[in-house]
Asker: 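Below you'll find the structure I mean.
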Amino acid sequence: MSSMSDYLESAILNHVLRNTSYTSPTTVYIGLSTASMNDDASGTELSGSGYARQSIAFDAPSSGACTNSADVDFPVATGSWGTVTHYGIWDASSSGNMLAHGALTTSKTIASGDILRVGSGQVTITAA
């Protein structure tokens, strides 16, 4: 199950209820973590050893949820990334604002030479 970040919740509420402009990002990115990423984006994203956020695309919403529409392959790890357990969806390839976050269905230990693939339909963002 996913959660929207505090940033996105405020942006949507301001946009809908206060007529405040919100421009959605052209591209969104998935980032990984070895621990929970919190609504306030206070979790620690992976860094180093060849890690980089990757762009991710989503299908149109259905029943209040969107799922990723294609596989996402991360670069070859050049060192250990540890056990990846969580993800965040961001509005930039680095820095930026976290939009949503959740736990991976299955944790994955990434060693040097491994490639992590997030399969199509494996990331679901819910509006609930």
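The figures here come from the full heavy-atom set of this structure, side chains too, leaving out hydrogens, waters and symmetry mates. What you see is a predicted model, and the numbers here were worked out from it, not measured in a lab.
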Asker: Using 0.5 Å steps for rounding, measure from the CD1 atom of I56 to the CD atom of Q122.
Answerer: 10.0 Å

Asker: Which pairs count as salt bridge (charged side-chain N to carboxylate O under 4.0 Å, His left out) when at least one residue sits in residues 25-35, sequence neighbours excluded?
Answerer: none

Asker: Kindly state each residue pair satisfying salt bridge (charged side-chain N to carboxylate O under 4.0 Å, His left out) with at least one member in residues 27-51, sequence neighbours excluded.
Answerer: E45-R53

Asker: Do V84 and V76 sit in one hydrophobic cluster, given that two such residues count as connected whenever their side-chain heavy atoms are within less than 4.5 Å of each other, even indirectly?
Answerer: no

Asker: Using the ring pair (Phe, Tyr, Trp, His ring centres under 6.0 Å) criterion, which residues pair with W90? Sequence neighbours excluded.
Answerer: none

Asker: side-chain contact (heavy atoms from CB on, under 4.5 Å) for D59 and C66? Distances and angles first, verdict last.
Answerer: CA-CA 6 Å; D59 289 324; C66 290; 5.9 Å; no

Asker: Checking T109 now: which residues fulfil side-chain contact (heavy atoms from CB on, under 4.5 Å) with it, not counting sequence neighbours?
Answerer: T83

Asker: Checking N38 now: which residues fulfil side chain to side chain donor-acceptor pair (under 3.5 Å) with it, not counting sequence neighbours?
Answerer: S42

Asker: With rounding to the nearest 0.5 angstrom, report the CD1 to CG distance, I89 to L99.
Answerer: 8.0 Å

Asker: Taking the side chain as C-beta and beyond, is there a heavy-atom pair between P75 and Y51 under 4.5 Å?
Answerer: no

Asker: With sequence neighbours left out, write down each residue that passes side-chain contact (heavy atoms from CB on, under 4.5 Å) with T44, or none if nothing qualifies.
Answerer: none

Asker: Show me, pair by pair, the donor-acceptor contacts under 3.5 angstrom made by side chains of residues 7-19, not counting sequence neighbours?
Answerer:
{"residue": "S10", "atom": "OG", "partner": "D6", "partner atom": "O", "Å": "3.2"}
{"residue": "N14", "atom": "OD1", "partner": "R18", "partner atom": "NH1", "Å": "2.7"}
{"residue": "N14", "atom": "ND2", "partner": "S10", "partner atom": "O", "Å": "3.2"}
{"residue": "H15", "atom": "ND1", "partner": "T20", "partner atom": "O", "Å": "3.1"}

Asker: Please report the C-alpha distance between Y87 and V118 in whole Å, then the side-chain angles of each, then the deciding distance to 0.1 Å, and finally whether the side-chain contact (heavy atoms from CB on, under 4.5 Å) criterion is met.
Answerer: CA-CA 10 Å; Y87 66 87; V118 176; over 6 Å; no

Asker: Which value, rounded to the nearest 0.5 Å, describes the distance between T85 atom OG1 and L104 atom CG?
Answerer: 6.5 Å

Asker: For the residue pair T34 and L46, establish whether any side-chain heavy-atom pair is separated by less than 4.5 Å.
Answerer: yes

Asker: Looking at side-chain heavy atoms only, is the closest gap between M37 and M98 below 4.5 Å?
Answerer: yes

Asker: According to salt bridge (charged side-chain N to carboxylate O under 4.0 Å, His left out), does anything in residues 83-108 pair up with another residue at least two apart or in another chain? List the pairs.
Answerer: none

Asker: Can you confirm whether L32 sits close enough to F74 that some side-chain heavy atom of one is under 4.5 Å from a side-chain heavy atom of the other?
Answerer: yes

Asker: Any chance you could lay out the side-chain contact (heavy atoms from CB on, under 4.5 Å) test for S112 and D114, step after step, and finish with the verdict?
Answerer: CA-CA 6 Å; S112 184; D114 289 346; over 6 Å; no

Asker: Who pairs with A57 by side-chain contact (heavy atoms from CB on, under 4.5 Å), at least two apart in sequence or on another chain?
Answerer: S69

Asker: Whether the side chain of T67 engages the backbone of G121 through a donor-acceptor N/O pair (distance < 3.5 Å, no angle test) should be reported.
Answerer: no

Asker: Applying side-chain contact (heavy atoms from CB on, under 4.5 Å), name anything that partners S55, two or more places apart in sequence or on another chain.
Answerer: T27, Y29

Asker: So which pairs with a foot in residues 67-84 pass salt bridge (charged side-chain N to carboxylate O under 4.0 Å, His left out), sequence neighbours left out?
Answerer: D71-R117, D73-R117

